[in-house]
Amino acid sequence: MTWSVSSCFITLVVLFLWRVDDITEACTCMSVHPQRAFCNADVVIRAKVVGVKAVSGNTNYDVKQIEMFKGPNQDIHVISTGGPCRAFLEINKEYLFTGKLETDGTMHVTLCDFIESWEAMSATQKKSLTQRYESGCKCKIIRCTSIPCTISAPEECLWTDWVMEKSHSGPQAQHFACINRSDGSCAWYRGIAPPKKEFLDIEDP
């Protein structure tokens, strides 16, 4: 009887520790504006997922690169993902990927990177991949999660999609880029479907 109680206790301890470890490895990352994801990435490509296989605990997706917006002078054929923040992709679907370049020439992505269905991206986002995001990489996009929130330097743009729309895919993410102005400051800019003002003032996001 004593042995049985001890065994049950040990089993419960093991299950508890396993559960704690499982919670500890939960994916946590902060959403970023697509421009910041572009600037932080080693590689930014449009690609179609054509196959998948498991390799050493990771998931490797075979992709057909359609267009490279940022990265090495070579095509990316494999996108690897793993860990608690592994990305799950659909076969025969086109995505915009931002991620890190591995030494073996593969691209590594997680849920913390900007991964979006190409079809779901706005016209501004697609155009900004070649014309605007890179020009604003010296600007800083400040994420506002609760009011009040402010900027502290002229080279900052305040990203208020979460507090205004309760979404990280709001108007600023979909239709604006934070770029340098002639005086060295930065401001939100919209270049497709002319808005009331070309530059979006910080106080009016």
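On a predicted model such as this, the values are computed, not experimentally measured, just so you know.
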Distance only, no hydrogens: is a donor on one side chain within 3.5 Å (strictly under) of an acceptor on the other, for Q172 and T160? yes
If you round to the nearest 0.5 Å, how far is CG of N58 from OG of S80? 4.0 Å
Distance check, rounded to the nearest 0.5 Å: R190 atom CZ versus Q174 atom CD? 10.0 Å
Under 6.0 Å from the NZ atom of K140, do we count more than 12 heavy atoms belonging to anything else shown? no
Parallel, tilted or perpendicular: which fits the ring planes of W162 and H168, with parallel below 30° and perpendicular above 60°? parallel
Report the C-alpha separation of T124 and F176 in whole Å, then their side-chain angles, then the decisive distance to 0.1 Å, and conclude whether the side-chain contact (heavy atoms from CB on, under 4.5 Å) test is met. CA-CA 7 Å; T124 302; F176 289 85; over 6 Å; no
Would C144 and C149 count as a disulfide pair, i.e. SG atoms separated by less than 2.5 Å? yes
When rounded to the nearest 0.5 Å, the distance separating CD1 of I151 from CG of L158 is 7.0 Å
Output, in order, the C-alpha distance, side-chain angles, deciding distance and verdict of side-chain contact (heavy atoms from CB on, under 4.5 Å) for T106 and N60. CA-CA 9 Å; T106 63; N60 282 5; 5.9 Å; no
If you count the non-hydrogen atoms of other residues, nucleotides and ligands that lie under 6.0 Å from CD in E119, is the total more than 12? no
Once the angle between the rings of H33 and W188 is folded into 0 to 90°, is it parallel (under 30°), tilted (30 to 60°) or perpendicular (over 60°)? tilted
Nearest-0.5 Å distance, CD1 of residue I79 to CD of residue E102: 11.5 Å
Spatial distance of atom CH2 (W118) from atom CD1 (I66) [nearest 0.5 Å]: 8.5 Å
Determine whether more than 12 heavy atoms belonging to other residues, nucleotides or ligands lie under 6.0 Å from atom CD of E134. no
Verdict with supporting geometry, D113 and F97, side-chain contact (heavy atoms from CB on, under 4.5 Å): CA-CA 8 Å; D113 295 304; F97 295 98; over 6 Å; no
The reported gap from CE in M30 to CZ in R36 (rounded to nearest 0.5 angstrom) is 13.5 Å
May I ask you to check if the distance between the SG atoms of C139 and C157 is under 2.5 Å? no
